[in-house]
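For reference, the structure is listed below as structure tokens.
When reading the values below, keep in mind they use all heavy atoms of this one structure, side chains included, and skip hydrogens, waters and symmetry mates.
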Amino acid sequence: MSENLTSQIDAIFNPRSIAITGASDKKARLGNMLLYNFIDIGYEGKLYPINPDEETVRGLKSYPSLKDIEGPVDLLVVSLHPDKVPQVIEEAVEKDVKGAIIFTSGYREQGEEGRKKEQELVNIARKGNLRIIGPNCMGIYCPSTKLSFIPGLSKESGPVAFVSQSGSLAMYMAFAGKVRGVAYSKVISLGNACDLDTNDFLEYLGSDPQTGIIACYLEGVEDGGRFLRLAKQISKKKPIIVWKVGRTTGGAKAAGSHTGSICGSKEIWDAVFKQAGLIRVENVYEMLGCITALINPYLPRGNRVAIVSAPGGPSVSAADVCEQEGLKLAELTETTKNKLSEIIPNLGTSTSNPIDLGFTVASDNTLYSRSTDIVGQDENVDMVLVFDFRMDKELTEALIKSNEKIRKPIAVVTNIEQMREREIGGHFKSLDPEEMPRMLKRLYESGISIHLTEQYAAKTLLSLLKYREFLEKRDWEV
């Protein structure tokens, strides 16, 4: 990787000072939120609001312009009318600012005239050492250096990086991570990516020691060849999850009006996914489930899955979808079936795969974990899918303990909003909102992922298998 690119992006993620345009105590402006984002997450450097009409903003001294700030500025956050942006970018170059995040929209997503405006900004930036994120973006979220693009995000760092050409999805993923126990190293909203683009951040994150998993929302890329080279190289070290949109005529048209992206044909992208070992997801729920499976993955040896479920209907549905996705229902050994028969009452249940626990779990919820423990140790089983509408704290602890022995991927289908804990007397109550993310995080760290539906769970299990197969390929086979 270019040392120059590394140092340039490092400077953006590690600013000693930030200047924010458009903030005001007197008017409702986007700049108010942009300034508050840094205050809310506890940014420890210097903050410089720029507002020629007010002496202070949020108790901080305000400056008429960027050039009026006495000390150095590392990062500039811009939320101005497009006509005013070139001037502040000129000032940033003169002041040797390292990075600029441009929230302003009205550029290439509106056609050729907007594209020319973007190029003007890039030409100005090239006069100095300034690198640009955006325009038409939300910017960056980096908990370790206390940078944020929206108030209320977690201050905890983790191994997941998310690169998005959609600002709203970047915000959704950041908030979802807080609720679901997924902690981020960095989240980047690129917008139109007139300067720093997907490839630049993919290259950077590939060697970033804080990042172990890279997830992307892509509408398109400018340099497909570079993307393929980078993805093939990085995927051997870190899994790359990609939600690629714009594969249909309507989707490509929508992407063009959203960020001005060039989407490329479906056939080309199918080949890229295969050659680069990329993990494909189709929506935000699949992406979150796949991320949770890769935080501490046990990559399966084969495609044989055991299904453990209390509801009978969902177990049949899970069996269907597993086979449709290319998984095979494991043939349990007689030893496993006998062990299951010893703990599962013969009352509307089944000890064959899929294992149906029936209504007996209502009186003995330990059947989930004990059954999972038994089938997981079967030599014919490569992975386990557990279906439980309402996970509880007791089951979570038991599954974690089981997978210390099993060490195979376990995908749990459940509704996390209904996760609960057992009180004395067998009754249940909702989990403390702050405890649920901690509990979920412990599951992920034990190789246990959480999914909204059996379809998402099955696709994730298959993705783990495909990723293992990719890793085992020799270089000339890729």
If the threshold is 4.0 Å, N to carboxylate O, is there a salt bridge linking Asp270 and Lys274?
no

OH of Tyr36: more than 12 outside heavy atoms within 6.0 angstrom?
no

Can you tell if the side chain of Val384 reaches within under 4.5 Å of the side chain of Val305, non-hydrogen atoms only?
no

Scan for salt bridge (Lys or Arg N to Asp or Glu O under 4.0 Å) pairs involving residues 305-326, sequence neighbours excluded, and state none if there are none.
none

pair Leu75-Lys98: side-chain heavy atoms closer than 4.5 Å
no

Would you check if the distance from the ring center of Tyr141 to the ring center of Phe162 is below 6.0 Å?
no

What pair of heavy atoms forms the shortest contact from Ile12 to Leu147, and how long is it?
O-CD1, 3.7 Å

Do Asp223 and Asn199 have side-chain N/O donor and acceptor atoms under 3.5 Å apart?
no

Give a yes or no on whether a salt bridge exists between Glu397 and Lys401, defined as a side-chain N under 4.0 angstrom from a carboxylate O.
no

What distance do Cys322 atom SG and Lys459 atom NZ have between them, rounded to the nearest 0.5 Å?
13.0 Å

Distance alone, cut at 3.5 Å: any donor-acceptor contact between the side chains of His451 and Ser449?
yes

Between Glu472 and Lys236, does any NZ, NE, NH1 or NH2 come within less than 4.0 Å of an OD or OE carboxylate oxygen?
no

Over all heavy atoms of both residues, which pair between Ser185 and Ala161 is shortest? Give the atoms and the distance, please.
OG-CB, 3.6 Å

Can you find a pair of side-chain heavy atoms, one from Leu228 and one from Gln275, that are under 4.5 Å apart?
yes

My understanding is that only residues two or more places apart in sequence, or in another chain, count here; which of them pass salt bridge (Lys or Arg N to Asp or Glu O under 4.0 Å) with Asp208?
Lys186

Atom CZ in Phe387, atom OG1 in Thr414: separation rounded to 0.5 Å?
8.5 Å

Side chains of Tyr43 and Asn37: any donor to acceptor distance under 3.5 Å?
no

Can you measure from NZ (Lys244) to CD (Gln165) and round to the nearest 0.5 angstrom?
8.5 Å

Contacts of type ring-ring contact (aromatic ring centres under 6.0 Å, His included), residue Phe227, not counting sequence neighbours
Trp269

Atom CG in Leu190, atom OG in Ser164: separation rounded to 0.5 Å?
7.5 Å

Atom CG of Leu196 and atom CD1 of Ile140: how far apart are they, to the nearest 0.5 Å?
10.5 Å

Inter-residue atom distance Leu367.CG - Ile355.CD1, 0.5 Å rounding
12.0 Å

Indicate yes or no: at least one non-hydrogen side-chain atom of Arg131 is less than 4.5 angstrom from one of Gln8.
yes

Plane angle bin for Trp243 and Tyr217 - parallel if under 30°, tilted between 30 and 60°, otherwise perpendicular:
perpendicular

Would you list the pairs meeting side-chain hydrogen bond (donor to acceptor under 3.5 Å, both in side chains) in which at least one residue belongs to residues 369-384, sequence neighbours left out?
Arg301-Asp382, Arg304-Asp382, Thr333-Asp378, Thr336-Asp378, Asp364-Arg370, Thr366-Arg370, Asp373-Gln377, Asp373-Ser402, Asp373-Lys405

Can a salt bridge be assigned to the pair Glu435 and Lys393 using a cut-off of 4.0 Å between side-chain N and carboxylate O?
yes

Please work out whether the ring planes of Phe201 and Tyr204 are parallel, tilted or perpendicular, with thresholds of 30° and 60°.
perpendicular

Check salt bridge (Lys or Arg N to Asp or Glu O under 4.0 Å) between Glu331 and all other residues, then give those that pass, not counting sequence neighbours.
none

Does Phe359, at its CZ atom, have more than 12 non-hydrogen atoms belonging to other residues, nucleotides or ligands within less than 6.0 Å?
no

Do Cys137 and Ile101 come within less than 4.5 Å of each other through their side chains, counting heavy atoms only?
yes

4.5 Å side-chain heavy-atom contact, Asn403 and Tyr298:
yes

For residues 332-355, which residue pairs pass the salt bridge (Lys or Arg N to Asp or Glu O under 4.0 Å) check, not counting sequence neighbours?
Glu334-Lys337

Do Val160 and Ile214 have side chains that approach each other closer than 4.5 Å (heavy atoms only, starting at C-beta)?
no

